[in-house]
Amino acid sequence: MTKLLFRRWYLSLPMLLVTLVLVGVAAVTVKPDYSAVGHIQFIPPVGTTAKDGSKNPIDNPWWELGYEALANATVIDVTKKSVLEDMVKDGLSDNITVTIDQVPLFGIEAVGDSPEQATQTVQYVQKAIADAVARRQETLRVTKSQTITMLELDDGSEVTVKNSKIMRVMVVAGGLGLLLTAGFTIGVDALLRARARRRNEDDEPETVGSAVGAASLDGRNGTSVPPSFEATQTVIHPRATQSPRSTPAPGKSEPARPANGNNNGNGGGAPAQRRGSSDGTYRSNQGSGPAADPRLEQAPADATIVLPPWGGGKRDDKKAERR
């Protein structure tokens with residue numbers, strides 16, 4: 001992955017720069033959280049005093065069960081969904097944590113968008129805890145002298161700034177940026193590789209065809225022979241196409257040769273020069289040399305024709321031997 005990102009740096013580097021910009025924007029725009037902490041404590045019942053000055057036993061079921069049982073019931077009452085919804089409607093924060101640090105001590109922490117919201121949320125929860133404790137005892141008809149009460153130790157006026165939300169947003173933005181950078185680079189790299197492979201596959205037949213075309217140049221004038229005909233052409237030495245000179249019969253004179261030393265048959269000399277046409281047939285050059293063999297003119301279009309690579313003559317023969 002690292003090698004790929006470095007190899008395609010012109011793709012990954014802009015994406016990384018965009019990621020850094022997004023992380024910076026998130027760090028500036030996202031506001032920190034404010035945390036306020038308050039404490040509230042149970043106060044035991046006063047009880048009644050006998051005439052002799054002794055304390056009468058307390059008739060309170062919650063007192064017999066202990067502070068821990070009453071504290072657990074109170075936490076359930078103040079953290080209900082309906083209570084949290086009412087807090088949000090009143091403009092308070094629903095991000096609260098109620099713990100029982102040391103019985104009979106409650107710890108309330110509220111996280112808000114502003115210091116005022118955090119402090120007001122703590123004070124609201126403290127009042128809700130006191131009301132819940134009193135309501136739980138009223139349902140059991142506990143007298144006022146035997147009722148467990150609550151005492152606020154602090155009201156959450158001390159607020160601290162928490163940057164954890166900013167750090168979370170920056171980490172999320174950076175992680176998403178890296179994932180997008182890697183995915184974008186991998187996708188574009190795969191696309192470029194596929195296009196290069198397709199281009200190479202398309203270029204292979206053209207390369208082969210150009211090589212055949214270059215090899216099929218006419219030795220005399222440099223014109224190319226059609227590939228369809230070149231595939232079936234068999235090139236032989238010019239002397240192989242010449243028939244041995246026939247000996248005249250006794251009493252008969254040898255036929256006269258043309259002035260230029262060539263004839264229209266299979267005699268010595270250079271064979272007729274033929275050029276290829278666009279339809280794959282070959283015609284002789286009219287007026288530029290001796291006539292071609294009539295058999296070549298009457299050959300079908302798909303016939304295999306044996307052609308010499310160039311004209312006859314000693315100079316041409318030497319060129320053929322050197323090539």
Side-chain angles (χ1 to χ4, degrees), residues 26-49 55-56 58-171:
V28 174
T29 57
V30 177
K31 297 181 179 180
D33 292 329
Y34 300 91
S35 174
V37 179
H39 297 86
I40 188 171
Q41 185 174 356
F42 284 121
I43 299 298
V46 178
T48 59
T49 305
K55 292 288 185 180
N56 292 325
I58 297 174
D59 186 13
N60 188 342
W62 291 108
W63 176 261
E64 295 176 359
L65 290 174
Y67 288 124
E68 186 175 358
L70 183 58
N72 291 331
T74 304
V75 170
I76 294 174
D77 292 338
V78 299
T79 57
K80 290 181 180 179
K81 183 178 180 181
S82 59
V83 176
L84 298 178
E85 291 178 352
D86 293 338
M87 293 172 61
V88 173
K89 291 180 181 179
D90 295 338
L92 303 176
S93 174
D94 59 349
N95 188 2
I96 61 172
T97 303
V98 180
T99 59
I100 306 173
D101 296 336
Q102 294 176 356
V103 178
L105 182 65
F106 282 96
I108 303 103
E109 181 182 6
V111 179
D113 297 333
S114 63
E116 295 78 11
Q117 186 186 39
T119 301
Q120 293 175 3
T121 303
V122 170
Q123 295 174 357
Y124 181 91
V125 174
Q126 287 179 340
K127 187 178 182 300
I129 290 175
D131 294 342
V133 171
R135 189 169 53 253
R136 286 287 181 179
Q137 296 177 88
E138 288 176 0
T139 56
L140 299 177
R141 297 181 180 181
V142 179
T143 60
K144 187 176 181 179
S145 60
Q146 297 179 352
T147 300
I148 301 173
T149 58
M150 304 298 298
L151 175 64
E152 293 182 0
L153 301 180
D154 53 1
D155 58 354
S157 58
E158 296 183 359
V159 181
T160 58
V161 180
K162 300 182 68 174
N163 295 321
S164 58
K165 182 171 69 175
I166 298 178
M167 297 300 297
R168 288 195 300 268
V169 173
M170 292 176 63
V171 169

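In this text, all values refer to a predicted model and were calculated from it rather than measured experimentally.
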Would a 4.5 Å heavy-atom cut-off, applied to side chains only, mark [X] and [Y] as touching?
X    : Y    : value
D90  : M87  : no
I148 : P45  : yes
H39  : F106 : no
T160 : E158 : no
Y34  : D113 : no
F42  : V133 : yes
S114 : V159 : no
I108 : I129 : yes

field: Pair S93, N95: side-chain N/O donor-acceptor within cut-off below 3.5 Å
entry: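 Short answer, no.
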message: Checking side-chain polar atoms at under 3.5 Å, does N60 have a donor or acceptor matched by the opposite partner on Q137?
response: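 A donor-acceptor contact under 3.5 Å links the two side chains.
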Please find the pair of heavy atoms, one from [X] and one from [Y], that lie closest to each other, and give the distance.
X    : Y    : value
A118 : G112 : CB-N, 4.1 Å
V30  : K165 : CG1-CE, 4.0 Å
V161 : P32  : CG1-CB, 3.8 Å
P61  : L140 : CG-CD1, 3.8 Å

Okay, side chain of [X], backbone of [Y]: is any donor-acceptor separation there less than 3.5 Å?
X    : Y    : value
Q123 : S157 : no
Q117 : G91  : yes
Q146 : D59  : yes
T119 : G156 : yes

task: Only counting residues at least two apart or in another chain, list the ones meeting side-chain contact (heavy atoms from CB on, under 4.5 Å) with S164.
output: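 If we apply the side-chain contact (heavy atoms from CB on, under 4.5 Å) test to S164, skipping adjacent residues, the hits are K162, R168.
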query: Can you name the one residue among I40, I76, V125 that meets side chain to side chain contact (heavy atoms under 4.5 Å, CB included) with V98?
result: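 Single side chain to side chain contact (heavy atoms under 4.5 Å, CB included) partner of V98 among I40, I76, V125: V125.
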To the nearest 0.5 angstrom, please state how far the [atom1] atom of [X] sits from the [atom2] atom of [Y].
X    : Y    : atom1 : atom2 : value
W62  : T139 : CH2   : OG1   : 7.5 Å
T79  : D94  : OG1   : CG    : 12.0 Å
Y124 : L92  : OH    : CG    : 7.0 Å
T149 : Q41  : OG1   : CD    : 10.0 Å
T74  : R136 : OG1   : CZ    : 7.0 Å
Q126 : L153 : CD    : CG    : 8.5 Å

- prompt: Would you say K127 has more than 12 foreign heavy atoms packed within less than 6.0 Å of its NZ?
  reply: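 Result for NZ/K127: open.
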query: For D77 and D131, what are the C-alpha separation, side-chain angles and deciding distance, and is it a side chain to side chain contact (heavy atoms under 4.5 Å, CB included)?
result: CA-CA 10 Å; D77 292 338; D131 294 342; over 6 Å; no
